[in-house]
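Have a look at the structure below before the remarks.
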Amino acid sequence: MSAPAWSRRVALWDEALAAVRSYFRGAGAREVSTPVRVAAPAIEPYIEPITAPPGGYLATSPELAMKRLLCRGSGSIFQISHVFRRAELGRHHAEEFHLLEWYRVGEARYDAVQRDVEAVVAAVFALAGRAPPRRWVRRDFFDLFEETTGVTLTGSEDVAGLIAGLGAGAAARWLPLAARWRERGGGPADPELARLLAWTELFTTWSDEHLPGWLDRQRAQGAGGVHVDAFPEVLAALAERERADGRAIARRFESHVLGVELANGYRELRDAQEQRRRFERVNALRQWHGQPALPLANDFLHDLESPGLPPCAGVALGLDRLLMLATGASSLAEISLALGSPVPAG
Amino acid sequence: MDVSDLRKNAKLKIDGHPYVVTEFQFVKPGKGQGLYKCKIKNMITGSTMDRTWRSGEKLEAADVETKKMQFLFRTPDAFTFMDKETYEQLEVPEAVVGQDSDFLLDSMDVEVLIYERRAVGITLPSHLVMEITECEPGVKGDTATNVTKGAKIETGLEVQVPLFIKQGDNIKIDTRTRSYVERVNK
């Protein structure tokens with residue numbers, strides 16, 4: 001399908017923004033708008049912020065700012081924000097995009113935010129005139145991993161355990177860096193850091209080589225929407241961890257629509273010490289890769305300590321990707337409202 | 001250079017050889033490593049391959065450039081070219097020019113590939129017009145068949161041409177396939 005005409009694009013964005021707002025207001029959430037320029041972005045291993053001189057960054061996500069509002073009693077909130085990630089350029093990537101992010105306050109809201117994803121997808125598909133996914137399925141990461149690779153993992157594995165589980169012969173392909181340390185040394189001294197890196201490699205390889213085919217098969221059977229749930233605990237990011245059925249998992253899910261990754265959700269981590277440890281570990285990983293360490297978001301960490309984050313679940317959804325999918329476009333550029341020459345890449 | 005600097009047309013040094021990125025695709029699973037999927041071409045041999053790099057990997061940029069140069073003269077084991085902007089002369093070893101020497105004429109413009117300040121390859125124009133200096137007499141009317149005959153062009157190279165071509169004709173040659181394309185009026 002060719003890119004919609006400009007007038008159509010303008011109408012689409014107008015209708016999509018209105019539909020999203022209408023949905024969340026109807027669900028009792030308040031809309032917020034937090035600063036785009038921040039002193040300390042969320043620290044992620046492979047997300048590079050764009051600096052905003054004289055000292056600061058363009059937000060890579062509104063997560064920390066929104067959680068500070070949650071700590072102060074905002075109740076359930078949502079936001080449609082502009083976020084920036086350096087050097088992410090591709091058909092499904094842009095350095096600047098719209099993140100739709102929301103939080104439902106309360107115990108056991110994890111399932112509810114997955115229903116939100118399905119409802120928002122349906123609403124935007126409907127206004128674009130395209131049939132939304134007929135069916136959604138939810139699968140735990142480790143079940144899916146076993147189904148697609150034949151390898152059984154529990155999430156507790158350290159680097160040696162992962163390599164043993166994958167088989168020594170296959171490990172070099174799965175974990176290019178971690179397998180190399182095993183042969184020649186040179187891995188991070190901190191075993192938890194090595195473990196984070198190895199699991200990230202595993203997830204990257206699996207997402208690239210095994211998940212797309214499985215998603216295609218689901219789609220062929222009418223399940224255009226998939227929540228990959230219960231991530232390995234090491235990949236918890238900002239989600240809570242737990243032991244469930246002998247597995248070490250994070251209450252984190254990723255939603256895929258028509259084969260495209262669209263949203264990422266958590267039952268939110270509320271433990272300030274644990275959050276600080278994770279930020280510090282990710283910073284160590286960044287430095288190990290030769291990327292600059294990022295300033296710790298101390299204000300956010302203090303708020304987690306006191307007044308504290310209420311029990312809640314949250315999701316971040318790529319709104320540009322959703323419009324792309326809903327219109328049948330194949331790249332973000334086809335639905336973008338950006339006119340003129342592109343801004344030079346960061 | 002960092003993998004995040006990868007783009008189409010980026011020049012890389014891999015195992016000592018210069019490569020150019022001819023196709024580039026960025027994908028990234030949620031919070032995973034970015035995958036930079038590239039098709040790369042060896043700038044000397046022209047062979048291509050697929051390579052995927054991940055976030056955090058380091059790459060070496062290749063010190064490589066192409067210069068427009070003019071062929072001046074040949075010595076026993078080298079060919080001398082002149083930079084058309086600076087008038088500097090550059091000797092390119094015979095081995096680098098290889099079979100392309102079959103087409104070199106005085107004052108011809110070529111592109112010279114310079115890698116780490118050494119000439120490593122030349123690129124001829126894809127098509128050249130050459131005069132036939134020697135061939136059997138032309139055969140009138142026989143323009144439709146695939147029958148050919150040998151003919152010498154002004155560099156001394158022998159190419160296969162249709163029977164109607166005669167001495168003194170100008171023909172267009174595809175330098176990549178080294179074959180006759182058509183007769184031209186000069």
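Here is the naming used below: chain letters follow the sequence lines, and residue numbers restart at 1 for every chain.
- The shortest non-hydrogen separation linking Y46(A) to S55(B) is CD2-CB, 3.4 Å.
- For residues 43-58 of chain B, the pairs satisfying salt bridge (Lys or Arg N to Asp or Glu O under 4.0 Å) are D2(B)-K58(B), K39(B)-D50(B), with sequence neighbours left out.
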Next on the checklist: Under the criterion side chain to side chain contact (heavy atoms under 4.5 Å, CB included), I'd like the reasoning laid out for K31(B) against R252(A): C-alpha separation, chi angles, the key distance, then a yes or no.
Outcome noted: CA-CA 12 Å; K31(B) 297 186 189 290; R252(A) 171 181 169 194; 3.7 Å; yes
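- Around NZ of K152(B), the count of heavy atoms belonging to other residues, nucleotides or ligands within 6.0 Å does not exceed 12.
- At a 4.5 Å heavy-atom cutoff, the contact between E254(A) and chain B is made by side-chain atoms alone.
- Within the 4.5 Å cutoff, side-chain heavy atoms of K28(B) are placed close to those of I47(A).
- Only the side chain of H93(A) has a heavy atom closer than 4.5 Å to any heavy atom of chain B.
- Between the CG atom in L89(A) and the CG atom in L6(B) there is a gap of 11.5 Å [rounded to 0.5 Å].
- The nearest pair of heavy atoms linking F203(A) to P29(B) is CE2-CB, 4.1 Å.
- Counting heavy-atom pairs closer than 4.5 Å to chain B, the top residue among A237(A), G290(A), P176(A) is P176(A).
- The number of heavy-atom neighbours closer than 6.0 Å to NZ of K41(B), taken from other residues, nucleotides and ligands shown, is 12 or below.
- Contact annotation for L262(A): neither backbone nor side-chain heavy atoms come within less than 4.5 Å of a heavy atom of chain B.
- Closest heavy-atom contact between A87(A) and Y36(B): O-OH, 4.1 Å.
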Checklist entry - Given the rule in the side chain to side chain contact (heavy atoms under 4.5 Å, CB included) test, do E48(A) and S4(B) qualify, once you have shown the distances and angles that lead to the verdict? => result CA-CA 10 Å; E48(A) 287 309 299; S4(B) 64; over 6 Å; no
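- Between Q33(B) and T204(A), the shortest heavy-atom distance links the atoms N-OG1, 3.0 Å.
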